[in-house]
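Note sheet for the following structure.
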Amino acid sequence: GRSCRALPIAFTMAPSPRFVFLPAPSIFAHCDVVLLSLGQVSLPDCRGAWRAVLQDTEAFMNAADSGEAPAAPPAEVEACDILALIMLRLQRAAGYAVDWYRHLGRVGPVVQGDLLAVECANIGSARAQVSIAVDVLQAMVQRQNGSPDPRQGSRLRSVVASFPEVDRSNGGTQKFRLMKAAARRLGFPVDVPLQGMELLHIGQGAKRRNVFSHHPHKTGFAEWKFTVNKFASAKLMRRAGLPATRNVLATHADQAVAHARSIGFPVVIKPNRSDFGIGVSLHLNSEEEVRHAFAQAQRISEVVVEPHLAGTNYRLLVMYGKMVAAVRQSPAQVTGDGKSSLRELVDAVNRSRTAFLSDSLRKITLEAERGLRTRGFALGDVPPAGVSVLLRHHSNLSVGGTMERVTEQVHPDNAAMAVRAARVMYLDVAGIDFVTPDISRSWVDGAGHIIEINTTPGFVMGLREGELE
């Protein structure tokens, strides 16, 4: 339940409202909360009823975003209810299931004014929540007093609509947020001790576990070091009888060309130590392409050359000895409508995507014009209606690729192979990149190769509610 005492209508707000973030559990709440001192808030006197201000506020928030409204406020509406409901509504628009708040009154002689506790799912965006909520409340009171500012309303609608992006950019990666949420659903105390760093404390005392940037507490430096080394990890997996691709190191361009001739075109050039598909060049069919790709990859680390494997790229997610999810990854592509250029088609797709990895997928990043020209297109070209244009060769989600859950289609031998690969590298959590024409066929029949193993796989990859727990 909620409680709310009457507040003075005329109260003042400092340029930066004072508040503190209290992680759960606390003496005030069972959930993480922002504790706001209402003595720091100032609004003009409201000659109308607060219920009317609330109605205006709800209409404004409905027009500004499509977030689901929290539960209805109490019958006696006051300023604190409206302030809290705006903060909750902003968070719900960002995807958080929050609905708790309470007006705590004056809790001691040191605190200036009454206290308001509002559930807060992300401390990184707390200041933005408070500032936006106060601005919206001030605008709604001015509207009730008959002196609305149209320019302010337009600005606030833009600010409210952009809050989900602000929240995500200040809350760590989606993988980090998913781990926090899963731990809390399991009833574990969760703390983020260093804001701006993805360090998570799960549990308390001697039983506490640390997770840094989704690295489990048992993942050691040696395991991480050998896993990020593509040449070393492939060799270790082949020694264990796993179907890892055969790659070779190249120290200069002539050597890379010689390896490509020996392997047979097409080939792949990639940095030996890199993530997110950075510096990777696929489907190289000539010495010129190999030399150009080598120059790009050499800027990052030493270079490996390997055969370009026919088939589809799958990622198999292994957690603590079990394959829990698998997705089919496809390269970024757009389909022509006969009117729009490639650049316009990409912009249209990106409007529904985010600038970071999420369920909405990441915005497509284009390769240089040179890469598109090899496929017969330039960014200004208008593809015929119904024609799909491949924008990149590699399917990493980090550069705009798409994914489709295929967990139920994975052959048991392939699932066991993924678990064994993680065990060989001594990883509790791993993402195994596996190329095969058909994930439902066993690798034992020669269908497929492991091309990489990742210590930081994407938890957004097809996990359903409850599977991360």
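Note that the numbering runs from 1 along the sequence shown for the chain. Everything quoted here is computed from the prediction, not taken from an experiment.
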Counting only N and O atoms by type, is there a donor-acceptor contact under 3.5 Å from the side chain of [X] to the main-chain atoms of [Y]?
{"X": "S26", "Y": "L22", "value": "no"}
{"X": "E306", "Y": "I451", "value": "no"}
{"X": "K230", "Y": "S274", "value": "yes"}
{"X": "N414", "Y": "I439", "value": "yes"}
{"X": "T227", "Y": "E223", "value": "yes"}
{"X": "Q409", "Y": "V406", "value": "no"}
{"X": "Q298", "Y": "F294", "value": "no"}
{"X": "S125", "Y": "A128", "value": "no"}

Can you find a heavy atom in the side chain of [X] that is under 4.5 Å from one in the side chain of [Y]?
{"X": "R273", "Y": "I300", "answer": "no"}
{"X": "P307", "Y": "V267", "answer": "no"}
{"X": "W100", "Y": "V33", "answer": "yes"}
{"X": "F265", "Y": "S286", "answer": "no"}
{"X": "V435", "Y": "T312", "answer": "no"}
{"X": "L309", "Y": "T245", "answer": "yes"}
{"X": "S233", "Y": "F226", "answer": "no"}
{"X": "V387", "Y": "T335", "answer": "no"}

Between [atom1] on residue [X] and [atom2] on residue [Y], distance to nearest 0.5 Å:
{"X": "H411", "Y": "D445", "atom1": "NE2", "atom2": "CG", "value": "7.0 Å"}
{"X": "K270", "Y": "S281", "atom1": "NZ", "atom2": "OG", "value": "10.5 Å"}
{"X": "S301", "Y": "F231", "atom1": "OG", "atom2": "CZ", "value": "13.0 Å"}
{"X": "L83", "Y": "L116", "atom1": "CG", "atom2": "CG", "value": "6.0 Å"}
{"X": "L85", "Y": "R92", "atom1": "CG", "atom2": "CZ", "value": "10.5 Å"}
{"X": "L236", "Y": "L242", "atom1": "CG", "atom2": "CG", "value": "10.5 Å"}

Stepwise side-chain contact (heavy atoms from CB on, under 4.5 Å) test for L36 and V130 = CA-CA 8 Å; L36 178 65; V130 174; 4.0 Å; yes
query = Does R209 CZ have over 12 foreign heavy atoms under 6.0 Å away?
reply =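 Result for CZ/R209: enclosed.
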Tell me the closest heavy-atom pair linking [X] and [Y], and the distance in Å.
{"X": "V327", "Y": "R405", "answer": "CG1-CA, 4.1 Å"}
{"X": "M417", "Y": "W443", "answer": "CB-NE1, 3.4 Å"}
{"X": "A126", "Y": "C120", "answer": "CB-SG, 4.1 Å"}
{"X": "F434", "Y": "H449", "answer": "CD1-O, 3.3 Å"}
{"X": "S442", "Y": "D413", "answer": "OG-OD2, 2.7 Å"}
{"X": "I269", "Y": "A256", "answer": "CD1-CB, 4.4 Å"}

task = Go through the steps to decide whether V410 and M323 satisfy the test side-chain contact (heavy atoms from CB on, under 4.5 Å), and finish with yes or no.
result = CA-CA 10 Å; V410 178; M323 193 210 79; 4.0 Å; yes
task = Evaluate side-chain contact (heavy atoms from CB on, under 4.5 Å) for M237 paired with I453, printing each intermediate quantity in order.
result = CA-CA 10 Å; M237 287 188 285; I453 183 167; 4.1 Å; yes
Distance-only donor-acceptor pairs under 3.5 Å for side chains of residues 424-432, two or more places apart:
none

task = Starting from the C-alpha separation in whole Å, work towards a yes-or-no answer on side-chain hydrogen bond (donor to acceptor under 3.5 Å, both in side chains) for D337 and S340.
result = CA-CA 6 Å; D337 58 8; S340 306; 2.9 Å; yes
message = Is it true that D433 and N313 share a donor-acceptor pair across their side chains at a distance under 3.5 Å?
response =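 The answer is no; no qualifying pair exists.
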query = Quick one: do the D438 and S440 side chains pair a donor with an acceptor below 3.5 Å?
reply = yes
request  = Taking only Lys NZ, Arg NE, NH1 and NH2, and the carboxylate oxygens of Asp or Glu, determine whether D254 and R291 approach each other closer than 4.0 Å.
outcome  =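 R291 and D254: salt-bridged.
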task = Show the numbers, then the answer: is there a side-chain contact (heavy atoms from CB on, under 4.5 Å) between M87 and Y101?
result = CA-CA 10 Å; M87 293 174 64; Y101 78 90; over 6 Å; no
